[in-house]
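Reckoned from all heavy atoms, side chains included, excluding hydrogens, waters and symmetry mates.
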Amino acid sequence: MSTLHPPPTRLLDRLLALEPELRGKALRSPRFHRLDLLDLLLTRSGRVMDRNPHEAGRLARLAVDLGLACRSAAEDLPVRSRLVTAFTLTGDAHRLAGERELAEAAFDGAAFFLSPGGTLAERARVCRSVALLRWQRGRVDEAAALLAQSALLYEDGGEAEEEGVSLALLGILHMQENEPGRALEPLTRARPILGERRPWLTARALLSLALCLADEGRIEESQRAANEASHLSATLTDPIEKARALWLHGRLSARTGSGEPAEGRLMTAITRLVTYDRLPEATLAALDLMVLYAETGQSVRVQGLPRRLSSEPRKGLEILVQALQDLLEAIRMGIDPRKAAVVIGAGARQVFRFLELKVDALPWV
């Protein structure tokens, strides 16, 4: 390889070896104005997004800077397309880090560079990324509309698996909003095309579908979906995703009348979710467990659960305990525990969102 045209990996190494404040100046040099270097930055950013959003964001922001420098040298549609990806990845990284305003700004950048000739896949990807941010901010109607648009764009572009991802997310969103009737259709459509490249998502979608089917009394179909999900859940390596899957398995066991496994699964899921500082989900799982106790006549355990969980010194745990106490009071007043849990859980999530704790913080997709 000629030193006049070094491989992009060597150029990237040189760029990353510079002090951060010197990189912007270096990118003005024509030797860095290469699409293969820009592509390498984007590839590496996406590759590490799951495990290291900070590093992914750093690489994506470099890609933004390089893309802007390349565009100033030559108006070029391929550069513009790559800038859409760079801004989208930057927004994804900020979302995963909880930096919502910075994520919004980055997605505005992606929208700005979407040209009339932009591909359906580019538009679909931006829609989905913005949808996850809206979801995380509690703007669920906007998130649902964007996910539906993303699925449609992927369908029109012939990208079935990505269409399945957007449909699965849409169904999961509706389930989290306690709208199983609206969740069933996208989850059913997603099932045959979703694939297993994102096992956490496929497992969660199948469990959500199983819950929908159980609510409709379609127990055999629900069990088949749950069995598929169990296979995938066993392959999960991320401990938080394993805890989430365990919670949904426990919720399903409670709905279908398998009381003893449900209690063990839910209690284990609650303990793990609290340990991993996922208090919003731990709260919903704890409400599920309390509903199970109430519906199976275990009044002593109903009264003891808030005390049992109040010993952990963690920020936000008082919200979980208060939610359980509110449900206990509703049960004493003769209110249907499952209906009360839905209302109390929704209120608790809003409080967690106000406290800027992790609510609906989905992984990168």
Side-chain angles (χ1 to χ4, degrees), residues 8-24 26-27 32 34-70 79-114 121-137 146 150 161-162 165-166 169 197-201 236-241 276-278 356 358-365:
T9 51
R10 187 180 303 169
L11 280 178
L12 182 56
D13 290 342
R14 290 175 185 171
L15 189 60
L16 296 178
L18 297 173
E19 293 296 322
E21 61 271 13
L22 297 177
R23 290 172 188 159
L27 287 175
F32 287 108
R34 288 171 43 181
L35 291 182
D36 57 357
L37 176 58
L38 187 50
D39 287 337
L40 180 61
L41 279 165
L42 296 173
T43 299
R44 288 199 179 178
S45 175
R47 190 178 295 159
V48 301
M49 187 72 74
D50 277 335
R51 61 183 183 274
N52 192 343
H54 176 77
E55 175 65 11
R58 183 173 73 107
L59 294 168
R61 285 188 293 274
L62 270 177
V64 167
D65 291 341
L66 176 56
L68 292 172
C70 289
V79 174
R80 186 168 187 154
S81 174
R82 287 164 172 85
L83 275 168
V84 173
T85 302
F87 273 107
T88 304
L89 287 169
T90 301
D92 290 336
H94 284 308
R95 177 184 71 82
L96 292 170
E99 299 163 346
R100 299 170 187 173
E101 296 303 326
L102 291 173
E104 291 279 8
F107 292 140
D108 285 345
F112 177 79
F113 283 103
L114 269 174
E122 287 171 357
R123 294 178 180 280
R125 185 71 186 85
V126 174
C127 279
R128 190 161 74 201
S129 288
V130 175
L132 294 181
L133 179 61
R134 296 287 187 272
W135 185 351
Q136 197 165 320
R137 303 192 81 161
L146 285 163
S150 173
E161 185 173 346
E162 294 302 323
V165 169
S166 293
L169 290 167
R197 191 157 55 92
R198 303 169 178 89
W200 69 268
L201 178 61
L236 297 176
T237 56
D238 182 88
I240 296 171
E241 286 306 321
Y276 303 138
D277 287 322
R278 293 305 193 268
E356 297 190 343
K358 294 175 179 175
V359 180
D360 301 330
L362 275 78
W364 186 58
V365 288

Hey, does [Y] have a side-chain heavy atom less than 4.5 Å from the side chain of [X]?
X: D36; Y: L11; answer: no
X: D65; Y: R23; answer: no
X: R134; Y: V130; answer: yes
X: H94; Y: R61; answer: yes

Could you grab the distance from atom [atom1] of [X] to atom [atom2] of [Y], nearest 0.5 Å is fine?
X: L27; Y: L37; atom1: CG; atom2: CG; value: 8.0 Å
X: L83; Y: L38; atom1: CG; atom2: CG; value: 7.0 Å
X: L133; Y: E104; atom1: CG; atom2: CD; value: 4.5 Å
X: L169; Y: L201; atom1: CG; atom2: CG; value: 5.0 Å
X: L42; Y: R47; atom1: CG; atom2: CZ; value: 11.5 Å

Where do [X] and [Y] come nearest, in terms of heavy atoms and distance?
X: L236; Y: P199; result: CD2-C, 3.9 Å
X: F107; Y: G91; result: CZ-C, 3.4 Å
X: A110; Y: T88; result: CB-OG1, 3.5 Å
X: L114; Y: R123; result: CD2-CG, 4.0 Å
X: A93; Y: P53; result: CB-O, 3.5 Å

Side chain to side chain donor-acceptor pair (under 3.5 Å) with [X]: which residues, sequence neighbours excluded?
X: Q136; result: R95
X: S45; result: none
X: D39; result: R82
X: R278; result: none

Quiz prompt | Working for side chain to side chain contact (heavy atoms under 4.5 Å, CB included), residues R198 and D50 | solution = CA-CA 11 Å; R198 303 169 178 89; D50 277 335; over 6 Å; no
Going by the rule salt bridge (charged side-chain N to carboxylate O under 4.0 Å, His left out), which residues pair with [X] if we only count those two or more places apart in sequence or in a different chain?
X: D13; value: none
X: E55; value: R58
X: R197; value: E161, E162
X: E101; value: R137

Self-check item: Partner residues of F113 under the ring-ring contact (aromatic ring centres under 6.0 Å, His included) criterion, sequence neighbours left out
Solution: F87
Quiz item: Quick one: which of L59, L16, L89 gives a side chain to side chain contact (heavy atoms under 4.5 Å, CB included) with L41?
Solution: L59
Quiz item: Sequence neighbours excluded, which residues qualify as side chain to side chain contact (heavy atoms under 4.5 Å, CB included) partners of A26?
Solution: L15, L18, F32
Practice problem: Sequence neighbours left out, what passes side chain to side chain contact (heavy atoms under 4.5 Å, CB included) with S150? Give chain and number order. | Solution: A124, C127, R128, Y154, S166
Quiz item: Would you call D92-R125 a salt bridge at under 4.0 Å N-O?
Solution: yes
Self-check item: ring pair (Phe, Tyr, Trp, His ring centres under 6.0 Å) pairs, two or more places apart, involving residues 40-66
Solution: none
